[in-house]
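Right, one structure below, let's go through it.
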Amino acid sequence: MRKILLITFLLTISCQEKDEKFTDKEICQYLEKMVENDQRYRFEIMDSTISSIKKDSLLKLQKKLDNQNTELLIEIINQKGWPQPDSLNCEDNYPTFLVFRHADKKYFDTIQKLINHEMEKGKMNESNYMFIENHLKGRPDFQIKEGK
């Protein structure tokens, strides 16, 4: 519960300071929390031994976290571009693409524009783009291209 309150607090602060840029240190902290919250309830939800009532409750909690993560990542990208942990001097290399991989459909148009723009600028690697775009297209089977 403390962690949910922390992310809510961080989101509130970030919304109040829209004109200010995120610092690299803040982005690293946000990325760490987003990736942690992205997986918060997912494994428990997949547990076949839990009741459907508990599963539904966990799904609602996870969806709320996913929406918060998505909105924060959109804001970070709008202000600083696609987060690259190496250039931000983050301690870890967070799989940020997971945030958009679990985004709700209501964000799809915004995300598609953002990732297209970031790819054009060379700020995003192709595998991250591919995984996110696959989600935006309904997660069809990946087509492996054979080189000639």
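Index from 1, following the sequence.
Note that the SG atom of C90 and the CD atom of Q29 stand 9.5 Å from one another [nearest 0.5 Å]. Interatomic distance, N125 CG to M119 CE, rounded to the nearest 0.5 Å: 8.0 Å. Taking CG of L65 as the reference point, atom OG1 of T70 lies at 10.5 Å (rounded to 0.5 Å). Atom CD of E36 sits about 12.5 Å away from atom CG of L31, to the nearest 0.5 Å. L73 CG to I27 CD1: the interatomic distance, rounded to the nearest 0.5 Å, is 10.0 Å. With values rounded to the nearest 0.5 angstrom, I45 atom CD1 is found 7.0 Å from I50 atom CD1.
Screening residues 43-58 for salt bridge (Lys or Arg N to Asp or Glu O under 4.0 Å), with sequence neighbours left out, gives E44-K54.
In this structure, Q84 contributes its side chain and K123 its backbone to a donor-acceptor pair below 3.5 Å. Without hydrogens or angle criteria, E118 side chain to M124 main chain gives no donor-acceptor distance under 3.5 Å. Under a 3.5 Å cut-off, the side chain of N134 and the backbone N or O of M130 do not form any donor-acceptor pair.
Apart from M46 itself, the hydrophobic cluster it occupies contains F43, where clustering links Ile, Leu, Val, Met, Phe, Trp and Tyr at side-chain heavy-atom distances under 4.5 Å.
Contact of the R101 side chain with the R139 side chain is registered, since non-hydrogen atoms from C-beta on lie closer than 4.5 Å. For the pair W82 and T96, the minimum side-chain heavy-atom distance is below 4.5 Å. Counting only heavy atoms from C-beta outward, the side chains of K80 and D24 approach each other to under 4.5 Å. Side-chain contact between F131 and L98: absent, with no pair of heavy atoms (C-beta onward) separated by less than 4.5 Å.
For K121, the NZ atom is densely surrounded, since the number of other residues' heavy atoms within 6.0 Å is greater than 12.
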Side-chain donor-acceptor distances from residues 106-114 under 3.5 Å, at least two apart:
unit_1	atom_1	unit_2	atom_2	d
Y107	OH	E71	OE2	2.4
Q112	NE2	N116	OD1	3.0
Q112	NE2	E133	OE2	3.4

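With sequence neighbours left out, the side-chain hydrogen bond (donor to acceptor under 3.5 Å, both in side chains) criterion links D38 to H102. Under the side-chain hydrogen bond (donor to acceptor under 3.5 Å, both in side chains) criterion, K60 pairs with no residue, sequence neighbours left out. By the side-chain hydrogen bond (donor to acceptor under 3.5 Å, both in side chains) test, N67 pairs with no residue at all, sequence neighbours left out.
Shown are L72, N69, V35; of these, the side chain to side chain contact (heavy atoms under 4.5 Å, CB included) with Y30 is made only by L72.
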Could you check E26 against I76 for side chain to side chain contact (heavy atoms under 4.5 Å, CB included), going step by step and ending with a plain yes or no? CA-CA 10 Å; E26 289 172 327; I76 288 170; over 6 Å; no
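Between F22 and E75 the shortest heavy-atom distance is CZ-OE2, 3.9 Å.
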